[in-house]
There are 2 protein chains.
Amino acid sequence: MRDVDIAEVAELSGVPASTLRFYEEKGLIASHGRRGLRRLFDPGVLDRLALIALGRASGFSLDEIARMFAPDGKPRIDRKMLSAKADELDRTIRRLNAMRDGLRHAAVCPAPSHMECPTFRRLLRVAAAGKMETPKTTKKSRRKL
Amino acid sequence: MRDVDIAEVAELSGVPASTLRFYEEKGLIASHGRRGLRRLFDPGVLDRLALIALGRASGFSLDEIARMFAPDGKPRIDRKMLSAKADELDRTIRRLNAMRDGLRHAAVCPAPSHMECPTFRRLLRVAAAGKMETPKTTKKSRRKL
DNA sequence: CTGCCAGTTCAAGTGAACTTGAGGTCAAGG
DNA sequence: CCTTGACCTCAAGTTCACTTGAACTGGCAG
């Protein structure tokens with residue numbers, strides 16, 4: 001199997017064809033030729049897409065990810081950048097942990113109103129004070145909208 | 001101090017006036033009257049904003065947060081919803097942990113290319129397979145754009 | 001009294017990451 | 001040969017959470 005067409009890539013990767021075209025336009029992936037109108041990709045595009053998924057999942061923007069590939073196409077990942085992102089992720093995780101604990105508590109808190117629960121109000125202060133990463137919605141959940 | 005005007009609320013909460021107007025339009029907060037054109041808020045709006053910040057930080061959308069307030073204005077928070085969100089947060093945290101570990105490893109991995117590192121490739125599979133929450137950018141970092 | 005400045009409205013713009021729609025093309029199957 | 005259906009392009013639309021701009025208003029310092 002030398003070349004895969006866009007439908008196969010979509011099938012194998014789970015990434016919609018429209019997204020693949022979009023990624024190509026953005027320079028994140030490259031098609032290798034055409035069969036008729038149909039784009040043909042090198043099977044390596046699947047690794048590339050995995051790399052992109054990893055980047056997105058780690059909080060990199062598509063532009064940042066694009067910069068992680070050398071002009072020759074091979075991944076040229078800046079290790080310092082990875083460290084920095086790991087640290088950032090760490091901070092996010094810590095805050096989300098606090099949030100989760102707070103939510104968990106609020107869910108079982110016996111106080112008649114959440115505003116009367118000291119734990120809840122402490123959580124509120126944390127949320128209001130510390131500027132936090134907003135986790136935002138999932139790809140999946142956004143699709144539902 | 002019975003009423004606070006929008007500038008004071010902005011000052012005290014750190015939320016820009018434009019956002020306060022936007023929140024009012026969305027029904028997330030309510031102004032109590034006017035002095036001239038100027039909105040006057042009840043000081044309780046600060047608690048409300050803290051609540052909104054908490055919701056956002058926990059991954060709720062503004063619409064979801066709006067639904068957490070009864071028509072009478074008092075927070076009417078569904079404990080089951082909180083639990084569910086806490087669980088969701090938990091799953092997100094687990095995935096982010098895996099991502100962070102992977103990034104951390106990739107940052108120090110001695111393999112000449114990341115693609116040759118088994119750990120990195122395992123990470124890639126995780127990222128490609130499990131559909132993950134995308135942490136996205138911070139409010140702060142978005143402001144910079 | 002008057003001009004300033006911080007507020008006001010409403011519409012439109014932003015940015016990320018895609019998706020959708022209209023209209024077109026082409027390789028292949030009947 | 002001709003239809004069909006999956007792909008193509010390009011532009012525009014979508015969502016979320018705001019921000020920005022233009023045009024306007026009005027309380028208050030001088």
Side-chain angles (χ1 to χ4, degrees), chain A residues 3-11 13-41 49 52-67 131-145, chain B residues 3-11 13-41 49 52-67 131-145:
Chain A
D3 293 324
V4 270
D5 75 17
I6 195 170
E8 290 172 291
V9 176
E11 168 86 16
S13 66
V15 177
S18 66
T19 304
L20 293 174
R21 281 189 286 268
F22 173 70
Y23 280 180
E24 184 175 19
E25 199 180 344
K26 274 235 148 191
L28 286 161
I29 58 177
S31 58
H32 196 249
R34 300 283 175 118
R35 173 161 51 234
L37 291 179
R38 257 159 235 218
R39 285 163 177 80
L40 293 177
F41 292 95
L49 287 170
I52 293 168
L54 169 62
R56 296 273 305 116
S58 304
F60 290 98
S61 70
L62 292 183
D63 283 354
E64 281 175 307
I65 293 166
R67 269 177 251 129
K131 294 310 189 177
M132 3 197 36
E133 309 279 323
T134 73
K136 284 298 189 57
T137 42
T138 310
K139 285 188 222 174
K140 202 166 255 169
S141 66
R142 257 192 289 135
R143 285 193 212 290
K144 281 184 226 152
L145 294 173
Chain B
D3 293 324
V4 270
D5 75 20
I6 194 169
E8 290 173 292
V9 175
E11 169 84 17
S13 65
V15 177
S18 66
T19 304
L20 293 173
R21 280 188 287 268
F22 174 71
Y23 280 0
E24 183 175 17
E25 199 180 343
K26 274 234 146 190
L28 286 161
I29 58 176
S31 58
H32 195 249
R34 300 284 177 116
R35 174 165 45 237
L37 290 179
R38 252 159 241 219
R39 284 164 177 78
L40 294 175
F41 292 96
L49 287 169
I52 292 168
L54 168 62
R56 297 271 306 114
S58 304
F60 291 98
S61 70
L62 292 183
D63 283 355
E64 281 176 307
I65 293 167
R67 270 178 250 126
K131 295 310 190 178
M132 5 200 33
E133 308 278 324
T134 75
K136 283 299 191 55
T137 42
T138 311
K139 283 189 223 174
K140 202 166 258 170
S141 65
R142 259 192 290 136
R143 282 191 213 290
K144 282 183 225 153
L145 295 173

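These values consider heavy atoms only, across backbone and side chains, with no hydrogens, waters or symmetry-generated copies. Just so we're on the same page: letters track the sequence lines, and every chain starts at 1.
Between the side chain of Ser13(A) and the main chain of Val9(A), a donor-acceptor pair closer than 3.5 Å is present. The backbone N or O of Leu54(B) lies less than 3.5 Å from a partner atom in the side chain of Ser58(B), making a donor-acceptor pair.
By the side-chain contact (heavy atoms from CB on, under 4.5 Å) test, Arg34(A) is found to be paired with Arg39(A), residues two or more places apart in sequence or in another chain being considered. The side-chain contact (heavy atoms from CB on, under 4.5 Å) search around Leu40(A) returns Asp3(A), Asp5(A), Arg35(A), not counting sequence neighbours. Remark: Ala17(B) pairs with Ile6(B), Arg21(B) by the side-chain contact (heavy atoms from CB on, under 4.5 Å) rule, at least two apart or across chains. Every residue was checked against the salt bridge (Lys or Arg N to Asp or Glu O under 4.0 Å) condition with Glu11(A), not counting sequence neighbours, and none meets it. Under the side chain to side chain donor-acceptor pair (under 3.5 Å) criterion, Ser31(B) pairs with Glu24(B), sequence neighbours left out.
Nucleotide dA17(D) holds its P atom 4 Å from the CG atom of Leu62(B), rounded to whole Å. Between Leu20(A) atom CG and dA6(D) atom P there is a gap of 17 Å when expressed in whole angstrom units. Rounded to an integer number of Å, the gap from CG of Asp3(A) to C1' of dC7(D) is 16 Å. If you take CZ of Phe22(B) and P of dT19(D), they are 9 Å apart, rounded to a whole angstrom. We find that CD1 of Ile65(B) is positioned 9 Å from P of dC18(D), with the value rounded to whole Å. What separates CD1 of Ile6(B) from C1' of dT9(C) is a distance of 12 Å, to the nearest Å. At whole-Å resolution of the value, CD1 in Ile52(B) and P in dA17(D) are 12 Å apart.
Of the side-chain N and O atoms in Ser18(B), one or more sit less than 4.0 angstrom from OP1 or OP2 of dT19(D). For dA17(D), the OP1/OP2 oxygens have no side-chain nitrogen or oxygen of Tyr23(B) closer than 4.0 Å. For Arg21(B) and dA6(C), the shortest distance from a side-chain N or O to OP1 or OP2 is not below 4.0 Å.
In the region residues 24-39 of chain A, proximity to DNA chain D at under 4.0 angstrom, judged on heavy atoms, holds for Arg34(A), Leu37(A), Arg38(A), Arg39(A).
Heavy atoms of Ala7(A) sit under 4.0 angstrom from primed sugar atoms or phosphate atoms, though from no base atom. Backbone-only engagement by Thr19(A) is indicated by non-hydrogen atom pairs under 4.0 Å involving sugar-phosphate atoms exclusively.
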